[in-house]
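Numbered from 1 within each chain, the chains take letters A, B, ... in sequence-line order. All values below come from the heavy atoms of this structure, side chains included, with hydrogens, waters and symmetry mates left out.
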Amino acid sequence: MAKLTKLDDIVSLCKRRGFIFQSSEIYGGLASCYDYGPLGVELKNNVKKAWWKNVVQMRDDVVGLDCSILMHPMVWKASGHADKFADLIAECKKCNTRTRVDHLKDKTNEHGEEHTEHVAIESVSGQNLINKICPACGIVGQFTEPMPFKLMFETKMGANIDDSMTIQLRPETAQGIFANFRNVLDSTRVKIPFGIAQIGKSFRNEVTTKAFIFRTREFEQAELEFFCEPGTDMDWYNHWKETRFKWYTDLGLKKENLRFREHDPDELAHYAKGCVDVEYKFPFGSGDWQELEGIANRTDYDLRQHQRGMRTLNKWYENDRDLSKIELASEAEDYNKGPLSYFDEQKKERYIPYVIEPSAGMDRSTLAFLVDAYDEEEVRGETRNLLRFHPALAPIKVGIFPLVKKDGMPEVARKIYDNLKKYFNCFYDEKSAVGRRYRRQDEAGTPFCVTVDGQTLEDNTVTVRDRDSMEQARITTDNVLNYLRGKLDM
RNA sequence: GCGGGCGUAGCUCAGUGGUAGAGCGUCACGUUGCCAACGUGAAUGUCGUGAGUUCAAGUCUCAUCGCCCGCUCCA
């Protein structure tokens with residue numbers, strides 16, 4: 001079985017085979033950023049394709065979307081990210097514990113206020129914390145100068161420096177879906193229940209990253225916002241829970257390495273009615289169960305928040321476009337009939353739909369598929385290393401070889417290769433012994449290899465060798481494409 | 001952010017102040033011809049980066065970047 005027992009082994013495997021490299025490695029690397037190599041990009045693209053096929057293509061009730069990464073600043077005011085994602089943090093000099101300044105309790109007032117107020121960065125210095133207690137060790141007033149933390153990446157939009165606008169890189173793709181809810185309703189004839197799906201990059205300035213690609217600052221999400229009628233939401237929550245779990249196992253992840261983890265009620269965001277993580281057991285370390293995907297019942301929170309956001313727009317202009325100076329407008333009395341509501345033609349009633357959100361990390365699941373596929377086995381006293389990828393995920397589908405590099409075999413093999421590569425990713429190889437070429441493809445996880453041999457020249461047949469069993473079938477050259485299509489389900 | 005460990009060829013690693021190394025992998029030629037064969041040969045190094053100490057630094061010191069482990073943080 002797999003001998004990957006440390007994260008280092010996996011990092012090494014990823015680099016050696018061209019799956020994942022450290023970003024900017026020739027310059028000493030850039031923390032928390034990684035690049036996908038030639039095999040890695042194929043694998044990850046296949047993971048994304050498999051998600052899209054399962055969540056969009058094969059369903060009548062989901063449509064796709066691809067939003068811009070840069071969005072109007074008010075999007076993040078309404079979603080709550082602008083406030084929640086900007087904090088002042090002070091560190092206790094005694095125990096090195098870092099705490100949000102607005103969470104610190106006063107020595108004289110140990111009841112502690114609710115920390116909803118926004119703390120202006122200029123107004124707080126270490127001196128102001130002289131009476132504050134460290135929640136970890138109880139020491140009073142031993143804090144460092146507060147450090148401002150911004151969890152969203154900022155950039156400037158507009159080439160004119162004096163007239164440019166601060167914009168955030170999205171910390172999740174979901175808000176782009178909510179912002180387009182009305183557009184999709186008006187342009188596609190969808191009816192509730194229906195979903196909008198999107199795959200794309202998101203950015204978060206995590207306080208700590210670490211652990212290879214499990215928590216990176218730039219990452220790719222596949223998110224579905226599934227809109228349904230209030231009251232039916234828990235049924236859909238359970239539907240997506242099952243559907244999403246099955247997706248992983250159908251693509252070959254071993255069941256014993258997958259589990260659900262339901263969030264405790266006190267762990268839930270205040271608007272969420274339920275949340276479950278799909279976790280994968282990576283074969284290393286102690287904290288080995290890692291989240292691949294979260295499935296949440298977000299209720300009608302997001303659409304209601306954006307209705308409030310739309311009502312706040314003028315205030316934003318009036319306050320020099322400074323988000324920190326404004327409060328989100330209160331909710332309209334008849335918010336149910338607002339611009340982001342839905343009119344049910346049959347029931348003749350208008351409501352804000354509830355949302356079930358399966359949100360999957362594409363980088364994490366790509367790595368899980370890679371790690372799970374890794375295998376070592378003894379063959380005639382030698383170790384055979386291979387990746388047992390599901391055919392849909394394999395970066396290369398077929399290797400094509402001439403048995404030897406003479407007697408016209410390369411020409412015939414090339415011709416087969418030129419034909420097959422129109423249909424799937426193929427790799428042609430005529431270097432060194434054929435056994436070595438088989439093993440090289442095993443390492444890349446290629447499910448099938450086609451070999452042209454002496455018999456091919458006589459009766460127009462080739463051998464097709466199976467990665468997992470190493471068995472060969474003899475097929476007529478004309479039938480190779482159909483044979484492989486059947487085996488690969490493509 | 002704190003504590004600990006690490007950084008030498010594509011990978012795994014040796015090299016304890018004095019000429020930059022091995023195995024695997026890669027490439028070429030020969031041989032073999034269906035599962036990592038063999039022989040011969042070759043290429044590949046800012047020793048993470050920058051300073052310092054020294055006649056001399058991969059080796060000692062400092063800083064810095066990056067990675068791993070444990071806390072912490074985050075969700």
Q: So what's B:A36 paired with, Watson-Crick or G-U wobble, going by both distances under 3.5 Å?
A: none
Q: Quick check on B:G25: is either OP1 or OP2 less than 4.0 Å from any side-chain nitrogen or oxygen of A:Arg440?
A: no
Q: Should B:A20 form a Watson-Crick or G-U wobble pair with both distances under 3.5 Å, which nucleotide is its partner?
A: none
Q: Determine whether a donor-acceptor pair (one donor, one acceptor, N or O, separation below 3.5 Å) exists between the side chain of A:Asp8 and the base of B:C68.
A: no
Q: Could you measure between the two P atoms, the one in B:C62 and the one in B:G3, and give it in whole Å?
A: 14 Å
Q: Could you check whether A:Asp442 pairs with A:Arg465 (Lys NZ or Arg NE/NH1/NH2 to Asp/Glu carboxylate O, under 4.0 Å)?
A: yes
Q: A:Ile10 has an atom CD1; how far is it from atom C1' of B:C67, in whole Å?
A: 14 Å
Q: Please tell me which of the listed nucleotides, B:G33, B:C35, B:C67, lies nearest to the side chain of A:Val404?
A: B:G33
Q: Checking base pairs now: Watson-Crick or wobble, both atom distances under 3.5 Å. What partners B:U64?
A: B:G48
Q: Quick one: look up who B:U26 pairs with, Watson-Crick or G-U, both distances under 3.5 Å, and put none if it's unpaired.
A: B:A42
Q: Does the pair A:Tyr280 and A:Phe282 meet the rule for a ring pair (Phe, Tyr, Trp, His ring centres under 6.0 Å), with working shown?
A: CA-CA 6 Å; A:Tyr280 178 75; A:Phe282 284 93; 4.7 Å; yes
Q: Where each residue is assigned the nucleotide of RNA chain B containing its nearest heavy atom, which of A:Thr451 and A:Ile26 is assigned the position nearer the 5′ end?
A: A:Thr451
Q: Could you tell me if A:Asp453 and A:Thr456 have a donor-acceptor pair between their side chains, going purely by distance under 3.5 Å?
A: yes
Q: Between the side chains of A:Gln22 and A:Asp35, is a donor N or O closer than 3.5 angstrom to an acceptor N or O?
A: no
Q: Which whole number of Å gives the distance between the C1' atom of B:G17 and that of B:C13?
A: 22 Å
Q: Counting distance alone, no hydrogens or angles: does the base of B:C35 have a donor or acceptor under 3.5 Å from a partner atom on the side chain of A:Arg384?
A: no
Q: Quick one: pull up CZ in A:Arg170 and CZ in A:Arg204 and give me the separation to the nearest 0.5 Å.
A: 11.5 Å
Q: Rounded to whole Å, how long is the line connecting atom CG of A:Asp277 with atom C1' of B:C74?
A: 14 Å
Q: Return yes if the base of B:A36 and the side-chain atoms of A:Glu443 contain a donor-acceptor N/O pair under 3.5 Å, otherwise no.
A: yes
Q: Is B:C71 paired to anything, Watson-Crick or G-U wobble with both distances less than 3.5 Å, and if yes, which nucleotide?
A: B:G1
Q: Which one, B:C34, B:A75, B:A36, comes nearest to the side chain of A:Arg261?
A: B:A75
Q: Are a donor atom and an acceptor atom from the side chains of A:Tyr271 and A:Gln305 found within less than 3.5 Å of each other?
A: no
Q: Can a side chain N or O of A:Arg436 be found less than 4.0 Å away from OP1 or OP2 on B:A37?
A: yes
Q: How many Å lie between CG on A:Asp264 and P on B:A75, as a whole number?
A: 16 Å
Q: Which nucleotide in the list B:A37, B:C34, B:C68 gets nearest to the side chain of A:Ala433?
A: B:A37
Q: Check the angle between the aromatic planes of A:Phe203 and A:Phe153 and answer parallel, tilted or perpendicular using the 30° and 60° thresholds.
A: perpendicular
Q: Take atom C1' in B:A9 and the same atom in B:G25, then report the distance between them in whole Å.
A: 11 Å
Q: So, under a plain 3.5 Å distance rule, would you say the side chain of A:Tyr438 forms a donor-acceptor pair with the base of B:C34?
A: yes
Q: Would you compute the distance between atom CG of A:Asp372 and atom CD of A:Glu256 and round it to the nearest 0.5 angstrom?
A: 7.5 Å
Q: Check the distance between B:G33's P and A:Gln455's CD and give it to me in whole angstrom.
A: 17 Å
Q: Between B:A37 and B:G33, how far is it from one C1' atom to the other, in whole Å?
A: 11 Å
Q: Using purine N1 to pyrimidine N3 plus N6-O4 or O6-N4 for Watson-Crick, or N1-O2 and O6-N3 for G-U wobble, both under 3.5 Å, which nucleotide pairs with B:G58?
A: none
Q: Determine the interatomic distance between C1' on B:U19 and the same-named atom on B:G23; round to the nearest Å.
A: 22 Å
Q: Return the value, rounded to whole Å, for the distance between atom CD of A:Glu430 and atom C1' of B:C34.
A: 17 Å
Q: Do any N or O atoms of the protein come closer than 3.5 Å to N or O atoms of nucleotides 7-11 of chain B, and which pairs are they?
A:
from, atom 1, to, atom 2, distance (Å)
B:C11, OP1, A:Lys15, NZ, 2.4
B:C11, O3', A:Ser12, OG, 3.2
B:C11, O2', A:Arg16, NH1, 3.4

Q: What is the distance, to the nearest angstrom, from the NZ atom on A:Lys406 to the P atom on B:C29?
A: 14 Å
Q: Between A:Arg304 and A:Tyr301, is NZ or CZ placed under 6.0 angstrom from the six-membered ring centre and within 45° of the ring axis?
A: no
Q: Closest to the A:Gln22 side chain: B:C68, B:C74, B:C67?
A: B:C67
Q: Which comes earlier along RNA chain B counting from the 5' end, the contact point of A:Lys431 or that of A:Asp442, where each point is its nearest nucleotide?
A: A:Lys431
Q: Could you state the atom-to-atom distance from CG of A:Leu387 to P of B:A36 in whole Å?
A: 18 Å
